[in-house]
Amino acid sequence: METKLVVGNWKMNMTNAEATANVQAFVKHVDARSDVDVVICPPYMSIGRVRELVKDTHIKVGAQDTFWENSGAYTGQVSAPMLAECDVTYCIVGHSEKRGRFGKLETDPETLCYFKETDHTVNLKLKSLLFHSINPILCVGETADERNANQTESVIEAQLRGALAGLDPAELYFFSVAYEPVWAIGTGNTCESGEANRVCGLIRRFLGEILDEDVASMIRILYGGSVKASNSRELFHQPNIDGGLVGGSSLDSEEFSKIVRSA
Ligand code: PGA
């Protein structure tokens, strides 16, 4: 892939006032050049504000999740047409924190039932996003226990097959996959760059088998999990890594701008 993609996932952080200050500073740090695709995914509440602040730049706005129905009695949910109307052009789907798989469990285990995303619901969300011309960023990755049991490949293949079931390869040119080893998310334990590169290559091979080789070669494969300015250059220059999905480090405008520049 020629152009790298760097996505900031703010998770449940930043009030509107904080988002404003952060994006104003970030826009000043980042070059006006558009040789890296940059996306900021704020909480739903700040999407409009962030959109307003980046409208004269090449920075795009993304969402952290969506729901698969367009409208209806689904309290608390936000649909793809609602996102599209707000100029949201990317959307993260199947993040491990939505699947109830946490690198560092700070939530009460009894409340994990609120995070039960499955491969099937991911699949429904992907279909809705593609129908509304929003670029999905599909997250896949293994937990520490799965890695220790040598299940990394089988877990990722099953997540990809479940998520992509019934999708038309011709619709997937603007699709991205993020390899996010769960044990690396929010823990400071970044996956070693050679290993991240190996798994991203494996993901492209699975995509070739599930979809077709041409489409698989167009899909950008990102790495996510404790990306920082000090490790992003090495990660992003691996041949199979087309950019990054950045959580904690995207909350600091200076750190995030260094990560973008390293791409
Ligand atoms: P992190 O999160 O960079 O804070 O590890 C990455 C992610 O969850 O997308």
Side-chain angles (χ1 to χ4, degrees), residues 4-14 18-19 22 26 36-44 46-47 50 60-66 88 90-107 112 114-115 117 122 125 135-144 146-147 155-156 159 163 175-193 195-196 199-200 203 220-236 238 241-263:
K4 302 272 183 198
L5 172 62
V6 180
V7 183
N9 173 12
W10 286 2
K11 308 191 180 183
M12 196 179 71
N13 290 293
M14 305 257 187
E18 289 162 344
N22 184 289
F26 178 66
V36 180
D37 289 337
V38 181
V39 181
I40 297 175
C41 299
Y44 292 130
S46 302
I47 283 178
V50 172
K60 301 276 189 274
V61 180
Q64 299 173 15
D65 191 26
T66 188
V88 166
Y90 289 81
C91 184
I92 298 167
V93 187
H95 192 283
S96 52
E97 287 156 11
K98 294 290 300 184
R99 298 178 192 253
R101 290 153 62 85
F102 290 86
K104 198 169 61 174
L105 190 60
E106 282 167 344
T107 178
L112 282 179
Y114 288 105
F115 302 93
E117 182 90 274
V122 168
K125 291 177 179 185
N135 303 322
I137 303 164
L138 166 66
C139 301
V140 297
E142 81 288 357
T143 62
E146 289 161 351
R147 172 163 280 265
V155 165
I156 289 175
Q159 288 175 340
F175 184 81
S176 310
V177 176
Y179 168 49
E180 295 219 312
V182 179
W183 48 270
I185 295 181
T187 58
N189 302 325
T190 318
C191 184
E192 189 271 316
S193 59
E195 174 60 6
V199 180
C200 289
I203 289 173
R220 286 191 283 198
I221 302 179
L222 317 180
Y223 167 79
S226 298
V227 175
K228 324 173 207 27
S230 57
N231 59 28
S232 57
R233 180 173 298 277
E234 190 180 335
L235 284 161
F236 296 167
Q238 298 296 316
I241 299 181
D242 302 316
L245 180 53
V246 186
S249 299
S250 70
L251 299 173
D252 176 332
S253 58
E254 205 175 330
E255 176 84 358
F256 191 45
S257 64
K258 285 186 192 153
I259 292 172
V260 168
R261 281 199 294 268
S262 76

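Both counts, for ligands and for their atoms, begin at 1 and track the order of listing.
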Member of Glu146, Glu142, Glu117, Glu180 meeting the salt bridge (charged side-chain N to carboxylate O under 4.0 Å, His left out) criterion with Arg101: Glu146

Any idea how Phe115 and Phe102 line up, ring-wise: parallel (<30°), tilted (30 to 60°), or perpendicular (>60°)?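 Judged by the thresholds at 30° and 60°, the geometry between Phe115 and Phe102 is perpendicular.
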
Below 4.0 Å from ligand 1: does a non-hydrogen atom of [X] turn up there or not?
X      : value
Ala184 : yes
Gly224 : no
Lys11  : yes

Any N/O pair [X]/ligand 1 closer than 3.5 Å:
X      : answer
Ser249 : no
Gly225 : no
Thr187 : no
His95  : yes
Gly247 : yes

For Thr190 and Asn231, does a side-chain donor sit closer than 3.5 Å to a side-chain acceptor?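 There is such a pair (donor and acceptor under 3.5 Å, judged by atom type) between the side chains of Thr190 and Asn231.
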
Could you identify the single nearest non-hydrogen protein atom to atom 4 (O) of ligand 1 and state the distance to 0.1 Å? Gly248 N, 2.8 Å

Please report which non-hydrogen protein atom sits nearest to atom 9 (O) of ligand 1, along with the residue it belongs to and the distance in Å to one decimal place. Glu180 OE2, 2.8 Å

Would a 4.5 Å heavy-atom cut-off, applied to side chains only, mark His95 and Asp65 as touching? no

Evaluate the side-chain proximity of Arg147 to Glu195: yes if any heavy-atom separation is below 4.5 Å, no if none is.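 A side-chain contact under 4.5 Å exists here.
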
